[in-house]
Amino acid sequence: MSQPVPPSRRPLADAPGAAAMTRRGWMAGAIAAGAAAGLGALRPPAAALAAPRPLPSVREVPRRWRVGYAESMPYGNYAATLAAILGELERMGWTGGLTGMPYRPGQTDTAALWSWLSARVGSPVLDFVADAHATNLTAEGAAALVRRLQDPGDIDLMIVMGTVAGVALATDAHRVPVLAFSCTNPIAAGIVESETDTGRDHVWAHLDPRRFQRQLSIFHKTFRFRRLGIAYDDSPTGRAIASLPDIEASAERLGFALVRRHVRAPIDHLDQYRYEVELTDAWEALSREAEAVYITYGRWPLDRFSQLVRPFLKRRIPTFSQLGPEEVERGALMSIARADMAGIGHFGAATLARVMAGEPPRRLPQVYFDTPSIAWNAATAAAIGYRIPFPALLAADSLHGVL
């Protein structure tokens with residue numbers, strides 16, 4: 001089989017006025033490039049732009065709330081989202097002072113943070129329940145947690161991070177409010193029914209419905225690939241985690257073919273070796289058959305990513321990380337992510353406040369997105385023979401260069 005000419009060797013034409021290019025300008029250009037193909041649909045619905053009601057005051061909360069936390073696995077975005085929500089709650093006066101909170105950007109651990117909250121945070125309305133923190137949520141652990149939520153005197157509200165945890169706890173088996181964040185595609189996963197109706201009175205999820213279509217639009221604008229490689233777990237949850245419907249919609253709209261490989265997600269830590277062997281084989285195959293690769297969410301430790309991604313560098317295949325800059329730092333060519341966590345922190349804290357003041361989760365806005373940032377890995381670009389255009393460098397919020 002002949003190997004296609006890598007699109008990474010076809011540089012973007014430098015735009016006039018490149019020196020004046022900004023991040024928002026470059027992003028706007030990327031999105032505008034696909035508008036004729038239907039990217040007008042990427043704009044948020046009018047309802048999502050409507051001005052919300054004024055935030056309730058902490059004095060409007062009639063009782064104390066016992067709060068629990070569950071996450072699919074330790075992950076930097078989960079910890080960052082939780083810390084951002086807490087910071088906004090502090091600013092709103094819903095917690096005591098958070099000076100000394102054990103969080104640093106990039107950390108994945110939330111257990112120590114939760115333990116600190118439960119022991120030290122003095123809030124007029126919030127109790128962070130010490131033994132109500134769950135990570136690496138398994139089926140057995142989720143079942144035990146659901147049984148606990150059925151006790152009306154125990155947990156009053158759950159903050160949930162990740163698709164696996166969201167699917168496990170967004171159930172009619174209990175009535176405790178569940179606020180789900182950092183889920184890949186909550187609608188496809190069945191956590192909520194739609195952008196405007198969660199489907200359950202006690203369930204809510206943050207939605208950015210066109211997030212991955214925006215990613216793929218930018219990736220395709222940059223490399224004009226005709227065959228895009230993807231590897232994912234071909235199960236209902238796996239397809240939702242990869243946001244496969246968005247990938248397929250983008251392929252149809254932008255006119256590229258998908259080269260697919262399936263890799264079963266690990267059952268537990270004992271199954272991790274089998275998973276990484278299958279993943280290595282899948283990525284090796286994609287490096288031979290695809291012109292570019294969209295690296296969907298996976299269950300590999302970040303410290304393994306640099307080794308796993310080497311087939312793409314060897315065969316000069318451009319890669320885009322669905323996850324974000326964490327994988328760009330470790331060898332993926334590019335990604336986009338939030339410029340900072342302040343926006344989602346405010347959105348999450350406001351949602352939590354409204355629920356505690358008596359508003360049903362089902363009636364609250366779910367859609368929020370902010371201007372994404374751009375991340376490049378210059379060393380990866382050099383390894384695959386791609387010169388990052390000057391406007392794109394100017395537009396970048398983070399530039400990495402060590403593999």
Side-chain angles (χ1 to χ4, degrees), residues 31 34 37-53 70 72 77-78 81 85 142 146 149 157-217 232 235-253 296-297 322 338 343-344 346-355 357-370 372:
I31 298 299
L39 277 177
L42 298 190
R43 297 182 62 186
L49 301 177
R53 292 186 294 276
S72 301
N77 197 61
Y78 301 163
T81 301
I85 292 171
V146 167
L149 296 178
L157 181 144
M158 286 295 300
I159 298 172
V160 176
M161 300 282 173
T163 302
V164 171
V167 169
L169 298 183
T171 169
D172 290 322
H174 67 87
R175 306 304 300 170
V176 172
V178 169
L179 307 183
F181 298 88
S182 291
C183 302
T184 308
N185 189 328
I187 296 173
I191 297 170
V192 296
E193 284 189 0
S194 70
E195 296 178 29
T196 56
D197 185 3
T198 71
R200 294 181 174 91
D201 290 339
H202 62 294
V203 173
W204 174 96
H206 167 227
L207 300 176
D208 182 354
R210 266 67 64 175
R211 174 183 173 193
F212 302 113
Q213 294 185 44
R214 291 196 299 272
Q215 288 187 351
L216 287 165
S217 175
Y232 58 95
S235 68
T237 299
R239 291 189 292 272
I241 289 173
S243 202
L244 188 62
D246 284 325
I247 298 173
E248 292 174 337
S250 294
E252 182 176 358
R253 186 181 67 250
T296 61
Y297 290 113
Q322 189 180 48
R338 290 190 180 91
I344 189 60
H346 176 77
F347 186 65
T351 301
L352 190 147
R354 294 183 191 283
V355 171
E359 296 187 48
R362 190 170 189 169
R363 297 182 184 175
L364 297 177
Q366 299 181 98
V367 175
Y368 171 82
F369 73 91
D370 53 13

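Hydrogens, waters and symmetry mates play no part in the numbers below; they use all other heavy atoms, side chains included. It should be emphasised that the depicted structure is a prediction, and the values quoted were computed from it without experimental measurement.
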Q. Which heavy-atom pair separates Ala242 from Ile247 by the least distance, and what is that distance?
A. O-CD1, 3.5 Å
Q) Heavy-atom distance under 4.5 Å between the side chains of Val355 and Leu157, does that happen here? A) yes
(Q) Run the side-chain contact (heavy atoms from CB on, under 4.5 Å) test on Val146 and Thr171 for me, step by step, so that the C-alpha distance in whole Å, both residues' side-chain angles and the decisive distance to 0.1 Å come before the verdict. (A) CA-CA 9 Å; Val146 167; Thr171 169; 4.2 Å; yes
**Q.** Shortest non-hydrogen separation from Ser72 to Ala165 and the atoms involved
**A.** OG-N, 3.0 Å
Q: State, yes or no, whether a side-chain contact exists between Pro361 and Thr198 at a heavy-atom distance under 4.5 Å.
A: no
Q: Could you check Ile187 against Glu193 for side-chain contact (heavy atoms from CB on, under 4.5 Å), going step by step and ending with a plain yes or no?
A: CA-CA 6 Å; Ile187 296 173; Glu193 284 189 0; over 6 Å; no
Q: Determine yes or no for a side-chain-to-main-chain donor-acceptor pair under 3.5 angstrom, with Gln366 supplying the side chain and Glu195 the backbone.
A: yes
Q: For residues Ser243 and Gln322, determine if any side-chain heavy atom of one lies less than 4.5 Å from a side-chain heavy atom of the other.
A: yes
Q | Check: Pro186 and Val192 side chains under 4.5 Å, non-hydrogen atoms | A | yes
Q) Do other residues, nucleotides or ligands put more than 12 heavy atoms under 6.0 Å from the CD atom of Glu248? A) yes
Q. Got Asn77 and Phe181 here, is their nearest side-chain heavy-atom distance under 4.5 Å?
A. no
Q | Side-chain touch Met158/Leu179, heavy atoms, less than 4.5 angstrom | A | no
Q: Taking the side chain as every heavy atom from C-beta outward, state whether Val164 and Ile241 have any atom pair closer than 4.5 Å.
A: yes
Q.
Walk me through whether Tyr368 and Trp204 qualify under ring-ring contact (aromatic ring centres under 6.0 Å, His included).
A. CA-CA 13 Å; Tyr368 171 82; Trp204 174 96; over 10 Å; no
Q: Evaluate the ring planes of His202 and His174, with Trp represented by its six-membered ring, and classify them as parallel (under 30°), tilted (30 to 60°) or perpendicular (over 60°).
A: perpendicular
Q. With a 4.5 Å limit on heavy-atom distance, are the side chains of Arg211 and Phe369 in contact?
A. no
Q: Give the C-alpha distance, both sets of side-chain angles, the deciding distance and a yes or no for side-chain contact (heavy atoms from CB on, under 4.5 Å) between Ile191 and Leu169.
A: CA-CA 9 Å; Ile191 297 170; Leu169 298 183; over 6 Å; no
Q | Mutual orientation of the aromatic rings belonging to Phe212 and Tyr297 [parallel < 30°, tilted 30-60°, perpendicular > 60°] | A | perpendicular
Q: Could you check Val203 against Arg362 for side-chain contact (heavy atoms from CB on, under 4.5 Å), going step by step and ending with a plain yes or no?
A: CA-CA 6 Å; Val203 173; Arg362 190 170 189 169; over 6 Å; no
Q | Thr351 OG1 to Glu359 CD distance, which is reported to the nearest 0.5 Å | A | 9.5 Å
Q. Salt-bridged, Asp208 to Arg214, with N to O below 4.0 Å?
A. yes
Q: Provide the closest heavy-atom pair for Leu207 versus Ser194 in the form atom of the first, atom of the second, distance.
A: CD1-O, 3.9 Å
Q. What is the minimum heavy-atom distance between Ala240 and Asn185, and which atoms define it?
A. O-CB, 3.8 Å
Q: Would you give the length of the straight line joining atom OG1 of Thr296 to atom CZ of Arg239, rounded to the nearest 0.5 angstrom?
A: 13.0 Å
Q) So with a 6.0 Å cut-off around CZ of Arg175, is the heavy-atom count from everything else above 12? A) yes
Q. To the nearest 0.5 Å, what is the distance between CZ (Arg354) and CG (Leu364)?
A. 7.0 Å
Q. At their closest point, which heavy atom of Pro365 faces which heavy atom of Phe347, and how far apart are they?
A. O-CZ, 3.5 Å
Q | Shortest non-hydrogen separation from Thr81 to Ser182 and the atoms involved | A | OG1-OG, 3.6 Å
